[in-house]
Amino acid sequence: MMTDTKDFISLADYTREELQALLDLAVRLKASRRAGRPEPRLVGKVLGCIFHKPSLRTRLSFEVAMRQLGGDSLYITDAEIGFGKRESVYDIGQVTSRFLDGIMIRTFDHAKVVELAQAAPSPVINGLTDPEHPCQVFSDLLTVTEQGLPLDGIKIAYLGDGNNLVHSWLTATMAFHFDFTFGGPEGFDPSPTFLDMARARAKGKIVISRDPAEAVRGAQVIYTDTWTSMGKEAEAEKRARVFPPFQVNRKLLALADPKAIVMHCLPAHRGQEITDEVMDGPQSVVFDQAENRLHGQKAILVRCLGAPTN
Ligand code: CP
Ligand code: NVA
């Protein structure tokens, strides 16, 4: 079964088959880039990138991906468009679609992205909202497979805050059959909406643990992210007090599968959620993850902007 959405807003909207096809495409596009083979699949296409939060990887990966695929991109902030204030989301969707072949948006309110997608005939790609970061986890799936790990049957342990990354990992459990353990302090669990949805549809086990050692035991992938996501800065001090037991450090890593890989979507707060020793150590694949945003984005762009995906 293939999904008929024009957009890329949540991994929950995509079937396993379609995600696998996109991962295969990302692998081919990465190989082309490495071999110096041009992939002019989006010639003449322009992507508008709307940012209401800062970004390094998401901005670079989308803008560079468009250029490497023969197209172009525009960086648009709220200073230009006053999203929903200067103009309604509906009108922005209608107008931007008369100019742009696709819209990537990073913003706070997920509902606004859905509203934009409903208003815009052009495809809308979610470049991060408060509850989801599908492009990150999509390219992370590529990194996991590149490391020789199957997406079915492994255990992924996520340490820290139950944030947008965790929610997108939970949506991925509905497509691929890995076990997913979230280890974090009480009060910072992933939202029940995502937990319930994943538990209803996942084939693997989904576990919430208050014990970091138990969370990482036997895991092939150890994942972490900031304790304080964008928009939560006022809580940074409170969070810094409760999260330290869930820091990914050498002692904790020693309890995981000896060949476990360590992942972080970045930006990292070295010395908080991850130590330098682990982040710069032999099990870390964090910079491969960053690079794979480019190759993952290309597959998503080719799919959404309408070029052949073979
Ligand atoms: N991982 C990620 O999305 O990074 P940026 O916030 O820099 O885009
Ligand atoms: N959870 C983080 C991810 C940053 C890429 C945030 O939302 O700030």
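As the structure lists them, so they are numbered: ligands from 1, and atoms in each ligand from 1.
Summarising the geometry, atom OG1 belonging to T58 is positioned 6.5 Å from atom CG belonging to L128; distances are rounded to the nearest 0.5 Å.
Of all protein heavy atoms, the one closest to atom 7 (O) of ligand 1 is L56 N, 2.6 Å. The protein heavy-atom contact nearest to atom 3 (C) of ligand 2 is D225 OD2, 3.6 Å. Nearest protein neighbour of atom 7 (O) of ligand 2, counting heavy atoms only, is N164 ND2, 2.9 Å. Nearest protein heavy-atom contact of atom 8 (O) of ligand 2 is M230 N, 2.8 Å. Scanning all protein heavy atoms for the shortest distance to atom 5 (C) of ligand 2 gives L266 O, 3.7 Å.
Between R106, R293, M230, it is R106 that holds the heavy atom closest to atom 6 (O) of ligand 1. Scanning R57, H133, R59 for the heavy atom closest to atom 3 (O) of ligand 1 points to H133.
Both the sub-6.0 Å distance and the 45° axial angle are satisfied by K53 relative to the ring of F108. For the pair R303 and F8, the cation-pi test (distance below 6.0 Å, angle within 45°) is failed.
At least one N or O atom of S229 sits closer than 3.5 Å to an N or O atom of ligand 2. For ligand 1, the polar-atom distance check finds an N/O of C265 within less than 3.5 Å of one of the ligand's N/O atoms.
More than 12 heavy atoms of other residues, nucleotides or ligands lie within 6.0 Å of CZ in R37, so this atom counts as buried by the packing criterion.
Interface atoms of ligand 2 facing N163, defined by a heavy-atom separation under 4.0 Å, are 1 (N). Counting atoms of ligand 1 from 1 in the listed order, those under 4.0 Å from a heavy atom of Q136 are 1 (N), 2 (C), 3 (O).
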Hey, can you pull the donor-acceptor pairs under 3.5 Å for the side chains in residues 194-206, sequence neighbours left out?
none

Exercise for review: With side chain to side chain donor-acceptor pair (under 3.5 Å) as the test, would you mind laying out the steps for N292 and E146 before giving the verdict?
Suggested key: CA-CA 10 Å; N292 280 339; E146 239 177 20; 2.9 Å; yes

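Under the 30°/60° scheme for interplanar angles, the aromatic rings of F243 and W227 are found to lie parallel.
Using a 4.5 Å heavy-atom threshold, the side chains of W169 and L141 count as touching.
Between L266 and ligand 1 there is a heavy-atom distance shorter than 4.0 Å.
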